[in-house]
There are 2 protein chains.
Amino acid sequence: MKPKPGRTADDAISRSAVPLLDDEDGIGAAHAEDRRFVWALARGLEILRAFGPEHTALSVGRLSTMTGMAKPTVSRLTHTLAALGYLRVVDKRGHYAPTPAVLTLGYPVLSALKVQDAAAAPMQEMAEATGCLVGMAARDRLSMVFAQCAPPPWLATLRLGTGSRVPMATSALGRAFLAGLGEVERDFLFGRLALRHGVEWEALGPRVADGIAQVSARGFCIVDGEWQRDVRTAACPLVTAHGVMALMAGAPGYTITNETLENEVGPRLVALAAKLSPLIGS
Amino acid sequence: MKPKPGRTADDAISRSAVPLLDDEDGIGAAHAEDRRFVWALARGLEILRAFGPEHTALSVGRLSTMTGMAKPTVSRLTHTLAALGYLRVVDKRGHYAPTPAVLTLGYPVLSALKVQDAAAAPMQEMAEATGCLVGMAARDRLSMVFAQCAPPPWLATLRLGTGSRVPMATSALGRAFLAGLGEVERDFLFGRLALRHGVEWEALGPRVADGIAQVSARGFCIVDGEWQRDVRTAACPLVTAHGVMALMAGAPGYTITNETLENEVGPRLVALAAKLSPLIGS
DNA sequence: CAGATGCGTTTCGCTAGGCAACACAAAAAC
DNA sequence: GTTTTTGTGTTGCCTAGCGAAACGCATCTG
């Protein structure tokens, strides 16, 4: 851990055209000797990241154990976030919860993707026609994060929406995304995924590769029950000016057959991707 | 933004149950003497906030002038945000743009509000029935930020969506929100608004008060062309377990009359609010 | 082609913030 | 009621990050 002046490996990564990430969980060892890296900011964002559908309100101590930071540190960061309006205190015991202010942070992305005007209508249309939940997602670290989601009116079991995440390796969305990527980035992510999934990658890796092969063969891939039991999904890559993303359509197993997914939903998804691809981005 | 001596009131404010804000633009003089306040985090978030629909990609120098921070500081913060995956470099000239990763920050709020399951369907239904864009919003500083937005399929002119913002004083949404607030907070925000709008508040203030009176009288208020020319909007407060929010329905002037807004859309909006109110929150 | 301008990054002194340990308040257990 | 547990907010100490000015490195300009 000697001060190494000039360029570090992280520097090269962060400068590359594709901003490649650190490890999935935690910001621990990465950027250890990057003099330009601002830890306070990283830690503060890690606090915001700790909240999720399962944990809508958290105390300082809980955040401390979850993130691995010292309590006083967490206390100051939550205090700061509260003063800025991103968090608020929800009870006497000092539980913090995110406020709608955090939504403004995501807005520039959604507007840049022109999701609101261009993509929403055709996605909603397809959702109603096929009975599938139709979603558009991009990569964040080793997950896919939804930018837009069109649920069919009657389907309430699949709880996904803007900002929610699914794992890259076990979802159709993630495999379609990988299929849309260039050689270099795909290999890089494969390495990361292998690292993350450890020994089970031996069985998982070939299935991911198979998904990619499916995309090469017919434009989309299918995952049946692998990400969540009884959820069938088709997905295809979506290459735009803003980078590679992916489209997916899925439904509970009892509302759709693999044949329908294969013969109707999949091709329709590919058509939708072709239609949206030039519209997205400036 | 120099450290300003003297005890500030912000500390007390930020500790109160209702986390009331600092001034709208910039984080300048606020929290000057607060020892628990982490500036690095505040500055980093200010960087993210600087992006918007108008500025989807910004250079270090531009960010520096926009936020008032020194260039090296901005450089480090953007470097950090890029390393964390929230920003990426979009061209050779070093312009930064937000990535979909920022969407994950907003997700806990959306899931806590149960927007995806509970609110989306009835809002969409009303949008299609009335031809209005229907939206749900909460306060951020002195703006209202959309948590959910249901556009009617054919309407493409109103560009609003999750995370977008409208001013509090000149929008029906903001006035309805103020009407739903308690005495103390409303007075506080009135003070802030007066401060912000300066001399024109003399004319604006009474119109805001009139909006609140409208809500008291019939449950909703109407703004015709005041926020944007040729946009007519009705809005009503939405009191939930997560705090006060507001619902709105609006359309371009040439697609809807004030009578329709008054007699059909407004009452329907109030009914929608009554229906959603118990559903939102845990 | 030399000089000039604009832009992003680096150097370095100084200050703010992270860490460890302690002190304290409130529930929960007994 | 006392103790235990859990959890938050304060102190010294030292590292990490902020800011002013200097530095490389492009592109303009005559």
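The basis for the numbers below is simple: all heavy atoms, side chains too, and nothing from hydrogens, waters or symmetry mates. Just so it is clear: chains get the letters A, B, ... in the order the sequence lines come, proteins before strands, and each one is counted from 1.
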Please give, in whole Å, the distance from [N] [atom2] to [X] [atom1]?
| X | N | atom1 | atom2 | result |
| --- | --- | --- | --- | --- |
| B:Phe37 | D:dG17 | CZ | C1' | 15 Å |
| B:Tyr96 | C:dC7 | OH | C1' | 12 Å |
| A:Ile47 | C:dG17 | CD1 | C1' | 15 Å |
| A:Leu87 | D:dT8 | CG | P | 14 Å |
| B:Asp91 | C:dC7 | CG | P | 13 Å |

| request: Evaluate side chain to side chain contact (heavy atoms under 4.5 Å, CB included) for A:Val109 paired with B:Tyr86, printing each intermediate quantity in order. | output: CA-CA 10 Å; A:Val109 174; B:Tyr86 295 108; over 6 Å; no

| field | Listed partners of B:Arg76 passing side chain to side chain contact (heavy atoms under 4.5 Å, CB included), at least two apart | value |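 Residues passing side chain to side chain contact (heavy atoms under 4.5 Å, CB included) with B:Arg76: A:Arg36, A:Val38, B:Pro72, B:Thr73.
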
| request: Just jot down the side chain to side chain contact (heavy atoms under 4.5 Å, CB included) partners of A:Val145, sequence neighbours excluded, or say none. | output: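 A:Val145 satisfies side chain to side chain contact (heavy atoms under 4.5 Å, CB included) with A:Asp140, A:Arg165, B:Pro100, B:Leu103, B:Thr104 only.
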
Would you tell me if any nitrogen or oxygen in the side chain of [X] comes within less than 4.0 Å of OP1 or OP2 on [N]?
| X | N | result |
| --- | --- | --- |
| A:Arg62 | D:dG7 | no |
| A:Ser75 | D:dT8 | no |
| B:Ser59 | C:dC7 | no |

Just so I know, are the side chains of [X] and [Y] near enough to count as touching, which here means a heavy-atom distance under 4.5 Å?
| X | Y | result |
| --- | --- | --- |
| A:Val166 | A:Leu160 | yes |
| A:Val90 | A:Thr56 | no |
| A:Phe146 | B:Tyr107 | no |

Write down the protein N/O and nucleotide N/O pairs, taken from nucleotides 18-27 of chain C, whose separation is under 3.5 Å; answer none if there are no such pairs.
from   : atom 1 : to      : atom 2 : distance (Å)
C:dG18 : OP2    : A:Arg76 : NE     : 3.2
C:dG18 : N7     : A:Arg76 : NH2    : 2.7
C:dC19 : OP1    : A:Arg43 : NH1    : 3.2
C:dC19 : OP2    : A:Thr73 : OG1    : 2.5

| 5′-ward residue of the pair A:Gly61/B:Leu41 relative to DNA chain D |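 The 5'-side residue here is A:Gly61.
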
